[in-house]
Structures are given as C-alpha cells and as structure tokens.
Amino acid sequence: MAELAQTGARGIARPDIERTTTDVSEIGDISRPIGFWEGVFAITAVRRALVLVALAIVWEVYARMLSNPLMFPSFSDTLVAWWSDVASGRLPSAAITSLQVLLIGYATAIAISAVMTTLAVATRIGTDILATLTAMFNPLPAIAILPLALLWFGLGTTSIVFVIVHSVLWAVSLNTFTGFLSVSQTQRMAGRNYGLGGLRMVVFILIPAAFPSILAGLKIGWAFAWRTLIAAELVFGVSGNAAGLGWYIFEARNALETASVFAGLLTVILIGLAVEGLVFRTIETMTIRKWGMQNH
C-alpha cells in the first residue's frame, strides 16, 4: 500500500504515442461534382416550372378528351385567346386597373394594421380593442359587406377599396400581433437595456424578431386582397372609367367566350405567381433567410 501511495503521489508516466500522418490522396474525394441535370433540378424555379408544365399537359389532354370547348377549352385555345387580348391591349389594361385598385386597398390596410398593432403592444386597452375587433370581423367574409359598400359608397373604386381593406386588415393584424407576442423576454429586456421603449421598441426589436409572422400575414393578406378584388369587380363592374380583370371575365362569360374566361383566370394566376416569386421571395431572401430565421 505504501508503494502504491508513493507511486500515486509521483504520478504514473504514460508513454508518448506518435502517429504517422496519412497521405490525403489515399483518403479519396470527400465531395463529388454534381452532374448537369442534378444541378438543374436543384434550382427551385426549374422544379416549379416543371410542375406548371405538367399541369398544362394534363389540362390539354383532358380538354381534348372532353371535346367541349364551350364548357372546358384546351390550354392551347386559352393561350390563343390570351395572346389575342394581350396584343389588343384589352387584357393588360384590365390587369393594370385591377392592380392599381388593389395596391391602394392593400397599402391602406397595412397602414391601419401598423397603427392598431403598435397600440395593442403599447397599451392594454389597445390589446383589448384589437382582440375584440379581430374576433368580430376576421370571420366575416368580404362578400358579406358588399351590400353595405354599395349603400355607403356606391359603385366605384372607393367601394372596392373598402372591401379590400376589410379582407386584408384582420389577417395582417392578427399575424403581426401574434408575432409580437412570440418575441422572447430576453430580446425585450435587451431592448430595454439599450433604452428602447414604445415605438422604438416596436421598430428595432419587435418587428425584426417577429418578421416571419409579419411576412406570413402579408402573404395571406395579399391572397385575400387579390381574391376579393376579382370577386368585387364581378359584382361592381367598372371601377371609375376602366374595367378590371373581374369585369373582363364577366363580359367574356356573358358572350360565351369561355376561352377568354380562362384567359382572364390564367392572368390572375400568373400575376399571383409573379408577386409570390418575385416580391415575397425576394423579401424572404433579403431578410429572414439572411438573418438565419428560416431554413432554405
């Protein structure tokens, strides 16, 4: 025991172990070059374009099997009608008119939502007001207030803007406020340590931290606005001195030009895809993906 104690006190000397390095060339390639087609299919836009091509092929095949152009025109007939109305300027004019009205209503709703959610975060009474109004009006379909819009504002742009604001406001406000509530107390305390409070807290801490929820609300609001606009134009007809896409579709239906009806619907879809792919995806790339808040 005495010898073991003396050995433990001195420590046991362990022999040094020397390992020879291995030539890197013997390990082999740790990565491999991807092929051309593999690289092409890695592009998101290419994969989604292939989905659209597949849908167009299914559409064409089914329409030819049905053989009833009045009820269901083929994709090729729809493209012919679409290009004809684009070349004549009728379809671009309708699309521009609709987009102008939509942007007015969408921007107005976002501005009102920003005020309401800021007050809701800053004060308890603001929270109660936003929660009550959202519970009341968010389930209310926009089409249900069309008669009121007609009575209050008459036929025209103001009525359509009113309906769009209703369809966008509650979805954006609800998502934004939910995002604000999900911001951790650690981030809030960090903002207070820097002397932030009130509006500065909202701008510099809450909005960046809750931006994924805010962007989701903006996407939902855009979809609601676009659908509501087309439906309202089908009812209201001409906005001011020009007709929008909804009225274009309505006139084509009355004239039994089914291919033009599908051309109008195709235009609505293409504009929606363009906004989603160019506007919102660019915002995602420059913000939440860049900040590491969303997986690629």
Side-chain angles (χ1 to χ4, degrees), residues 52 55-56 58-60 62-109 141-168 221-276 278-279:
L52 296 178
L55 291 176
V58 172
W59 178 358
E60 183 73 20
Y62 177 75
R64 291 186 179 276
M65 291 175 58
L66 190 63
S67 187
N68 190 348
L70 183 62
M71 297 297 295
F72 196 88
S74 65
F75 180 70
S76 56
D77 291 338
T78 301
L79 283 182
V80 171
W82 182 84
W83 179 251
S84 176
D85 287 341
V86 168
S88 66
R90 180 186 174 196
L91 198 51
S93 175
I96 292 173
T97 300
S98 294
L99 287 174
Q100 288 175 342
V101 177
L102 179 124
L103 289 177
I104 295 173
Y106 190 66
T108 303
I143 197 70
I145 64 172
L146 287 177
L148 290 178
L150 284 170
L151 289 174
W152 293 344
F153 306 108
L155 293 173
T157 303
T158 305
S159 298
I160 298 181
V161 169
F162 175 77
V163 176
I164 292 174
V165 169
H166 168 77
S167 64
V168 175
W222 155 258
F224 285 176
W226 196 219
R227 293 185 306 184
T228 301
L229 172 66
I230 301 302
E233 287 179 341
L234 284 169
V235 176
F236 289 134
V238 179
S239 302
N241 297 322
L245 281 173
W247 189 247
Y248 168 90
I249 296 171
F250 182 78
E251 285 186 320
R253 194 265 299 177
N254 284 342
L256 296 180
E257 298 175 354
T258 313
S260 295
V261 173
F262 275 75
L265 297 175
L266 181 62
T267 303
V268 173
I269 293 173
L270 291 177
I271 293 176
L273 289 174
V275 172
E276 172 68 25
L278 297 178
V279 178

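These numbers come from a predicted model, not from an experiment.
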Over all atoms of both residues, closest heavy-atom pair of Ala263 and Thr78: N-CG2, 3.7 Å
Closest contact, heavy atoms only, Gly221 versus Val168: O-CG2, 3.3 Å
Atom pair OG1/CD1 of Thr267 and Ile249 - distance to nearest 0.5 Å: 8.0 Å
Close side-chain approach of Asp77 to Thr258, heavy-atom, < 4.5 Å: no
Shortest non-hydrogen contact from Val163 toward Ala149: CG2-CB, 4.0 Å
Step-by-step side-chain contact (heavy atoms from CB on, under 4.5 Å) determination, Ile160 to Leu102: CA-CA 9 Å; Ile160 298 181; Leu102 179 124; over 6 Å; no
Flag side-chain contact, heavy atom, 4.5 Å: Phe72 against Tyr62: yes
Trp226 atom CH2, neighbour heavy-atom count above 12 within 6.0 Å: yes
Euclidean distance, Glu60 CD relative to Leu55 CG, rounded to 0.5 Å: 13.5 Å
Pro73 side chain reached by Glu257 side chain, heavy atoms, under 4.5 Å: no
Side-chain heavy-atom pair Phe162, Ile145 within 4.5 angstrom cut-off: yes
Side chain Ser93, main chain Gly89, donor-acceptor under 3.5 Å: no
Residue pair Ser74 / Trp59, side-chain donor-acceptor N/O under 3.5 Å: no
Nearest atoms (heavy-atom pairs only) where Leu234 meets Gly246: CD2-O, 3.0 Å
pair Leu245-Leu91: side-chain heavy atoms closer than 4.5 Å: yes
Close side-chain approach of Tyr248 and Val261, heavy atoms under 4.5 Å: no
Verdict with supporting geometry, Thr158 and Trp152, side-chain contact (heavy atoms from CB on, under 4.5 Å): CA-CA 10 Å; Thr158 305; Trp152 293 344; over 6 Å; no
Leu99 CG to Ile271 CD1 distance, which is reported to the nearest 0.5 Å: 4.5 Å
Min side-chain heavy-atom separation Ile230-Glu233 under 4.5 Å: yes
Spacing of Leu229 atom CG and Tyr106 atom OH [to the nearest 0.5 Å]: 13.5 Å
Atom of Ser98, atom of Gly244 and distance for their closest heavy-atom approach: OG-CA, 3.3 Å
Nearest-0.5 Å distance that lies between atom OG in Ser260 and atom CG in Asp85: 5.0 Å
Distance in Å, Arg227 CZ paired with Ile164 CD1, rounded so as to fall on 0.5 Å steps: 13.0 Å
Beyond-backbone contact of Glu251 with Arg90, side-chain heavy atoms, under 4.5 angstrom: yes
